Amino acid sequence: MNKYALIVFDLDGTLLDTAGEVTDAINDTFNEVGLAAITLEQTRNWVGKGAPNFLEKALEFCDVKLQTQQEFDQLLTIFYRHYEKRSGTNSQIFPHVAEVLNELHQSGSKVALLTNKFMVGTQLVLKAHQLHHLFDDILAGDSFPQKKPDPVGLHFLMNKYNLSAEQILYIGDSSTDVQTARNAGVDVWVVPYGYNHGDDIREAKPDRIIQNLSCLS
Ligand SMILES: O=C(O)COP(=O)(O)O
């Protein structure tokens with residue numbers, strides 16, 4: 001572990017099981033516009049690439065083809081409204097996350113969060129689980145023009161702390177996270193319990209699969 005000067009964590013599916021509240025948010029949205037409900041299992045396959053992608057997947061599943069970008073943007077605005085309201089209301093922290101993040105914080109290690117979730121929802125759910133103060137940096141899906149797997153977030157952290165790629169470890173749960181790290185030349189470990197677009201995480205070829213975060217303490 002001493003090899004790394006900065007540990008960066010993904011959020012959904014890595015630190016928190018948020019599928020419940022994301023399902024609630026999409027179902028509030030679909031209920032408002034008269035569409036059928038989505039299940040928790042479907043949500044688990046669609047989280048990880050940000051809210052616009054999630055909404056696209058849900059509409060595709062329901063066989064809804066919107067005519068214009070404007071219609072999509074209007075629905076996305078409704079989704080964000082419900083998503084914000086639901087953030088932190090129906091999620092669970094995964095085992096070992098609180099202990100490990102508190103330990104890293106107390107030992108003075110640099111720790112950052114890099115997620116594709118929008119910043120307002122990210123802050124709300126972190127606060128609900130009393131995790132927000134444990135990160136030196138919180139980078140969300142709307143912090144930069146590009147989302148993961150673009151390496152912009154990891155490049156930002158490298159520049160900010162004047163670190164080389166070898167000094168950073170990214171910990172996530174999906175092929176998107178593996179690709180993000182690869183695009184920045186950063187090592188990547190994954191947990192097998194999260195969301196990976198319905199695919200086996202081994203196929204993404206991370207540097208290491210860890211059963212949970214306890215190996216970091
Ligand atoms: O897709 C999202 O909204 C967030 O997913 P992530 O925390 O795994 O990046």
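None of these values were measured; they are calculated from a predicted model. Counting starts at 1 for both ligands and their atoms, following the listed order. In this chain, numbering begins with 1 at the start of the sequence shown.
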*Asks:* For residues 159-171, pull every pair meeting salt bridge (Lys or Arg N to Asp or Glu O under 4.0 Å), keeping only residues two or more places apart or in separate chains.
*Replies:* D137-K160

*Asks:* Measure the spacing between CG of L131 and CG of N102 and express it to the nearest 0.5 Å.
*Replies:* 8.0 Å

*Asks:* Only distances under 3.5 Å count here; give the side-chain donor-acceptor pairs of residues 53-67 to other protein atoms, sequence neighbours excluded, each with its distance to 0.1 Å.
*Replies:*
none

*Asks:* Looking only at side-chain N and O atoms, does E41 offer a donor or acceptor that is under 3.5 Å from a partner on N45?
*Replies:* no

*Asks:* Any side-chain donor-acceptor pair under 3.5 Å between Y170 and D207?
*Replies:* no

*Asks:* Could you give the N/O to N/O pairs under 3.5 Å linking ligand 1 and the protein, each with its distance?
*Replies:*
| residue | atom | partner | partner atom | Å |
| --- | --- | --- | --- | --- |
| ligand 1 | 1 (O) | G48 | N | 2.7 |
| ligand 1 | 1 (O) | K49 | N | 3.1 |
| ligand 1 | 1 (O) | G50 | N | 2.8 |
| ligand 1 | 7 (O) | D10 | OD1 | 3.1 |
| ligand 1 | 7 (O) | D12 | N | 2.9 |
| ligand 1 | 7 (O) | D12 | OD1 | 2.7 |
| ligand 1 | 7 (O) | T115 | OG1 | 2.6 |
| ligand 1 | 8 (O) | D10 | OD1 | 2.8 |
| ligand 1 | 8 (O) | D10 | OD2 | 3.2 |
| ligand 1 | 8 (O) | D12 | O | 3.3 |
| ligand 1 | 9 (O) | D10 | OD1 | 3.0 |
| ligand 1 | 9 (O) | T115 | OG1 | 3.4 |
| ligand 1 | 9 (O) | N116 | N | 2.8 |
| ligand 1 | 9 (O) | K148 | NZ | 2.8 |

*Asks:* Please tabulate, one pair per line, all N/O donor-acceptor pairs under 3.5 Å involving side-chain atoms of residues 104-123, not counting sequence neighbours.
*Replies:*
| residue | atom | partner | partner atom | Å |
| --- | --- | --- | --- | --- |
| S107 | OG | E103 | O | 3.3 |
| S107 | OG | L104 | O | 3.0 |
| S107 | OG | S109 | OG | 3.0 |
| T115 | OG1 | K117 | N | 2.9 |
| N116 | OD1 | K148 | N | 3.0 |
| N116 | ND2 | G48 | O | 3.1 |
| N116 | ND2 | K148 | O | 3.2 |
| K117 | NZ | D12 | OD2 | 2.9 |
| K117 | NZ | Y83 | OH | 2.8 |
| T122 | OG1 | K117 | O | 3.4 |
| T122 | OG1 | F118 | O | 2.8 |

